[in-house]
Amino acid sequence: MNLYFDNAATTHISENALKEYIRTSEDFFANPSSVHKPGLNAHKKLDEEREKIASLLKVKSSSIVFTSGATESIASVISSLLFTTPGKIIISAIEHEAVSSWLPLLKQYGWECKELKARNGIISRDDLIAELTPDTKFIGIMAVNNVTGAIEPINELVQCVRDYEKTINRKIFFFADSVQALGKIEYDLTSLDIDGASFSAHKINGPRGIGMLYLKNPSSFRPLSTGGGQERGKRGGTENLPAIAAFRVAMEEWLTDQKKKNETVSEYKLMTINALKELGLEILSPEISSPYILSFASTLPSEVFTRMLSDKGVYASAGSACSNNTKGESEKILLRMGRKPNEAKNAVRLSFSNSTTKEDVEALISILKEIVNGK
Ligand code: PLP
């Protein structure tokens with residue numbers, strides 16, 4: 001039995017993405033910055049890949065900066081604040097550590113840092129409005145939470161920031177970590193009016209170590225790594241062209257018939273929710289959450305329950321798996337969402353992918369029943 005339900009941690013690279021990775025490594029091995037023929041060919045390929053990805057996301061190709069992943073995209077944006085006059089930064093209290101871990105350093109540099117409560121996992125417009133002050137410069141609110149799948153009302157939140165800007169006559173940078181949103185909920189950068197967003201290929205069947213930073217207005221941005229001036233000066237370092245090409249293939253595949261795929265996964269999530277409820281277990285994901293993430297409170301400490309699942313061939317995680325201290329981090333996030341300590345302690349995250357089948361879900365449900373009923 002091999003039932004992989006940890007797709008929010010990482011997904012299996014798709015066959016076509018892997019083939020493209022190998023093909024690009026062989027056919028476009030040269031450095032895209034080299035001015036000889038193979039280098040120019042690699043550069044052309046890089047431009048083409050950027051155009052294709054931009055058109056999939058319906059944004060300008062100049063707004064895309066390729067990075068090594070979401071963590072670097074986030075680091076690049078937030079560290080750029082250290083080069084500016086300190087002000088106030090507001091983030092949600094349930095951000096991934098890639099965002100929240102920056103707060104101590106920002107404080108040292110004189111920034112006032114505020115974390116917004118997330119009652120039931122959702123950031124409220126009123127809480128954000130109450131924190132907006134004339135020295136607010138940066139807001140970071142994730143589009144979809146990685147522990148529970150909670151979908152944040154980004155559009156609404158951005159709108160209140162844009163309204164507030166009119167009273168101070170200055171722009172506030174709105175950043176949305178969008179790692180768990182791309183291809184998993186309806187998510188349209190063109191209609192969102194955010195200034196920056198982070199993405200990661202390995203959450204949608206792409207390779208590890210490649211991600212993207214979306215910048216609506218790249219000219220106003222001071223990068224973390226400068227070096228060779230690649231990515232139009234926004235991210236130094238030789239571009240990982242094979243991974244970029246494979247990311248594009250994975251994105252094309254994932255976004256094809258996205259609505260239908262999202263509906264199918266929603267059905268699977270609902271099947272699982274119904275089974276968990278029948279077993280008397282508490283669902284921790286809010287109603288408005290990604291079809292791909294389901295968090296519930298098990299009957300045992302999460303590391304014990306996930307171990308029992310693993311022994312039966314079901315691979316899930318204790319909360320989120322993107323941190324070395326996965327359990328501690330997820331517990332903290334769930335407590336911040338207002339969950340009871342024993343629910344947070346026993347939390348298990350099941351995460352689906354487009355390749356999850358109904359048979360996988362049925363098998364998962366019968367194993368959950370076996371464990372909860374002590375068989
Ligand atoms: N942000 C969120 C919401 C995530 O779920 C993750 C990874 O799990 C990250 C950021 C970090 O992404 P990466 O592995 O590409 O650095």
Side-chain angles (χ1 to χ4, degrees), residues 4-13 17 53 64-79 91-103 115 118 121-123 140-152 154 175-185 187 194 196-214 224-225 235 237 240 243-244 246-247 250-251 254 285-286 289-295 315-330 332-334 336-337 347 349-353:
Y4 185 74
F5 283 95
D6 199 17
N7 292 283
T10 199
T11 54
H12 197 291
I13 189 168
I53 288 181
I64 290 175
V65 178
F66 290 115
T67 63
S68 64
T71 302
E72 186 197 325
S73 303
I74 294 162
S76 203
V77 169
I78 300 190
S79 67
I91 66 167
S92 85
I94 57 167
E95 290 301 303
H96 189 276
E97 272 186 303
V99 172
S100 60
S101 63
W102 281 92
L103 295 192
E115 288 179 85
I122 309 292
I123 306 301
I141 296 174
M142 66 200 328
V144 172
N145 178 263
N146 52 303
V147 178
T148 63
I151 300 175
E152 301 304 332
I154 297 293
F175 182 79
D177 178 8
S178 306
V179 168
Q180 302 288 353
L182 179 62
K184 301 190 177 180
I185 60 165
Y187 194 68
I194 53 178
S198 45
F199 298 93
S200 185
H202 71 101
K203 309 291 181 178
I204 56 161
N205 295 152
R208 224 63 66 76
I210 187 72
M212 234 174 54
L213 169 61
Y214 162 76
L224 177 62
S225 46
R235 196 264 187 174
N240 189 351
I244 291 168
F247 187 8
M251 206 188 289
W254 192 282
S285 294
S289 58
S290 159
Y292 291 78
I293 297 181
L294 168 54
S295 169
Y315 309 120
S317 73
S320 91
C322 352
S323 153
N324 268 338
N325 180 17
T326 301
K327 181 161 159 60
E329 194 49 29
S330 305
K332 192 176 83 190
I333 296 289
L334 286 161
R336 286 176 166 197
M337 289 182 178
R349 182 185 71 180
L350 297 165
S351 48
F352 305 85
S353 92

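First listed ligand is number 1; within each ligand, the first listed atom is number 1. Below, all heavy atoms of this structure are taken into account, side chains as well, without hydrogens, waters or symmetry copies.
Of all the listed residues (E97, H202, K203, Q180), H202 holds the heavy atom that lies closest to atom 14 (O) of ligand 1. The residue from T10, I293, D177 that puts a heavy atom closest to atom 10 (C) of ligand 1 is D177. Distances from atom 12 (O) of ligand 1 to the heavy atoms of A70, A75, S198 show the closest one on A70.
Near S200, meaning under 4.0 Å from one of its heavy atoms, ligand 1 places the atoms 13 (P), 15 (O). Proximity to M142 (heavy-atom distance under 4.0 Å) selects the following atoms of ligand 1: 3 (C). Atoms of ligand 1 lying under 4.0 Å from at least one heavy atom of G69, given by number and element, are 15 (O).
Residue T71 touches ligand 1 through backbone and side chain together, judged by heavy-atom distances below 4.0 Å. Proximity of E72 to ligand 1, defined as any heavy-atom pair under 4.0 Å, is not found for any part of the residue.
Under a 3.5 Å cut-off, the side chain of N205 and the backbone N or O of H12 do form a donor-acceptor pair. Listed for the K203 side chain is a donor-acceptor partner under 3.5 Å among the backbone atoms of A8.
Checked against a 6.0 Å centroid threshold, the rings of F5 and F352 count as neighbours.
Under 3.5 Å, the side chains of E97 and S100 contain no donor-acceptor pair of N or O atoms. Donor-acceptor pairing under 3.5 Å is lacking for the side chains of T11 and S353.
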Trace of the side-chain contact (heavy atoms from CB on, under 4.5 Å) decision for K184 with I204: CA-CA 9 Å; K184 301 190 177 180; I204 56 161; 4.1 Å; yes
